[in-house]
Number of protein chains: 2
Amino acid sequence: MITLEDIAKQAGVSHSTVSRALANSPLVNATTKAKIQQIAIESGYQVNQVARNLKTRSTKTIGLVIPEVSNPYYPKLIQFIADEVRASGFNLQLHLSGVHQEFEASCIASLYEHRVDGILLVTAENGLVAKEQVKSLSNSQTPVVLMGWIEEAEHFDIVTGNDAHGGSLLASHLLSLGHRQIAIIGKPPHRGIFDRIHGFQSTLKSVGISIQHNLTIPNSLAEEDQEIASTVQFLINLPPPPTAIFA
Amino acid sequence: MITLEDIAKQAGVSHSTVSRALANSPLVNATTKAKIQQIAIESGYQVNQVARNLKTRSTKTIGLVIPEVSNPYYPKLIQFIADEVRASGFNLQLHLSGVHQEFEASCIASLYEHRVDGILLVTAENGLVAKEQVKSLSNSQTPVVLMGWIEEAEHFDIVTGNDAHGGSLLASHLLSLGHRQIAIIGKPPHRGIFDRIHGFQSTLKSVGISIQHNLTIPNSLAEEDQEIASTVQFLINLPPPPTAIFA
DNA sequence: TTGAAAGCGCTACCAG
DNA sequence: CTGGTAGCGCTTTCAA
């Protein structure tokens, strides 16, 4: 492995000068700089980021913890994050925390040990599993941002959708169109949907519309496309049928 | 950031001893060791892998270069690799080289700079873009394994499917079933399929069956499901129709 | 069983 | 403009 020292010898200067030259510092004589850079290229020198990271106390890498990758939502997220990270001149350390986030804690530990400059932690149905770790990390220097479903946001930095508000907006929209007989398909399989339905229903209630249970179809009856089709059929055949369906 | 030295002070020993104790070395007095480990846990010490990597000249991480992640094949690959890497106690540094592998070279450079212990390079339709880099890497200490389509394997370590042989096997199978009128759907959009068709056709030829061009449907006519359906319809209506379709 | 010391390759300070 | 030197935090000899 070729080092700064090797180049220094070849160029007849000190390794400090080489370091400066390769960082394109204006403190180096232009001729010397050119010569050094030339030698560096010819010899195929590649800086040792490990040493640099140790010295500068920064790794220019961010850690991404994501449950899995078979759910197509995650690859999309990874793609976006990876592009952004590269564009900013950072690196990505990827850890899969497992479908049930069973490795979440060890992923975080490993990333901290590698002194990544920041952690992006994507949670899933189980919420934030390694809560204590994240807490102690935020007390340290490492910034952590959570994405996904988090039960209690506490003092964490977090990016998530406001599902309840979304549901509420939907309800307002339908109400403004004059709908009063509104069916609901889908029972909460996980938090986000629960919140959406909850927001939807409470807005309905707030204007005095009571939830009609015969119009509320639990999710278990509407998992497959086919079942959804027949569920819709059933709703339409009701006397009177709903004028709108929230699904 | 808490270091070995901090723990050493607290325990009243030297940092060398702490290092040994945390590595569970038998050279350390059992009582001291227990005490040190206790302090380490209480203080929340986490080893600095950057420093360790510099000293040991090994990073326990492998670099994965993959074109993109929207093609569902790649997430599957990532999942598998990530699991294996973790199971072996390694870390994963992920780089997306871009749909057309436009970043392949810089990905490899970055991984080398980080002194990863090995690189897994997945190529796509463009083949191996950063050929020179890989060559010089294999001359260095960093092992590189290529996956995907590679035009010339040269001296690289490579894992790939034998598409031509696969096509040939398919042909033999159909022949053994007595088929002689065999249609082919799909023109090569990329190398693998080209090879498969080629292997298929040469096996056909080798037993004296000439390729019937009216039975060979170019891919451009069969990209969408719908078009494939009508293509099949067309083939079946031929006088005489093929008895088998290779698609 | 322990500590002192060297050194991984780099950056950055301080003199000159 | 340049070199010497210190030191990032760790592992690993070498002596004691």
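Lettering of chains follows the sequences in order, A, B, ..., and the numbering in each one begins at 1. As the structure is a computational prediction, the values presented were derived from the model and not from experiment.
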Walking DNA chain C from its 5' end, the first of A:Ala51 and B:Val28 to be reached, judged by nearest nucleotide, is B:Val28
Would you indicate what B:Val13 reaches in the nucleic acid, counting non-hydrogen atoms under 4.0 angstrom: base, sugar-phosphate, or nothing?
sugar-phosphate
So B:Thr17 and B:Ile36, side chain to side chain contact (heavy atoms under 4.5 Å, CB included) or not? Walk me through it.
CA-CA 9 Å; B:Thr17 303; B:Ile36 291 174; 3.9 Å; yes
Between CG of A:Leu54 and C1' of D:dC10 the distance, given in whole Å, is 8 Å
Can a side chain N or O of B:Arg52 be found less than 4.0 Å away from OP1 or OP2 on D:dT11?
yes
Side-chain-base donor-acceptor pair under 3.5 Å for A:His15 and D:dT2
no
Base, sugar-phosphate alone, or nothing: which one does B:Thr3 contact when heavy atoms must sit under 4.0 Å apart?
sugar-phosphate
Could you tell me the boundaries of the chain B footprint on DNA chain C, defined by atoms under 4.0 Å from its heavy atoms?
C:dT1 to C:dG9
B:Asp6 CG - D:dC8 P separation (whole Å):
11 Å
For the pair made of CD1 in B:Ile7 and C1' in D:dC10, what is the distance, rounded to whole Å?
12 Å
Shortest non-hydrogen contact between A:Ala21 and A:Gln37, atoms and distance:
O-NE2, 3.2 Å
Rounded interatomic separation in angstrom, taking CG from B:Asn48 and C1' from D:dG9
6 Å
Side chains of B:Asn24 and B:Lys33, donor plus acceptor under 3.5 Å
yes
When you measure from the side chain of B:Ser43 to the backbone N and O of B:Ile39, does any donor-acceptor pair fall under 3.5 Å?
yes
Carefully, step by step, assess B:Ser19 and B:His15 under the rule side chain to side chain contact (heavy atoms under 4.5 Å, CB included).
CA-CA 6 Å; B:Ser19 174; B:His15 75 275; 5.8 Å; no
Tell me which residues in residues 17-27 of chain B put a heavy atom below 4.0 Å from DNA chain D, sorted by number, or none.
B:Ser19, B:Arg20
5' priority, DNA chain C, between B:Lys55 and A:Val47 [closest heavy atom]
B:Lys55
My understanding is that only residues two or more places apart in sequence, or in another chain, count here; which of them pass side-chain contact (heavy atoms from CB on, under 4.5 Å) with B:Ala34?
none
OP1, OP2 of D:dC10 versus side-chain N and O of B:Thr56: anything below 4.0 Å?
no
Do A:Leu111 and A:Val65 touch side chain to side chain, with heavy atoms closer than 4.5 Å?
yes
Quick one: does any side-chain atom of B:Asn71 pair with a main-chain N or O of B:Tyr74 as donor and acceptor, under 3.5 Å?
no
Taking the six-membered ring of B:Phe90, is the NZ or CZ of B:Arg86 close enough (under 6.0 Å from the centre) and on axis enough (within 45°)?
no
Can you check the A:Asn29 CG to D:dG3 P distance for me, whole Å?
11 Å
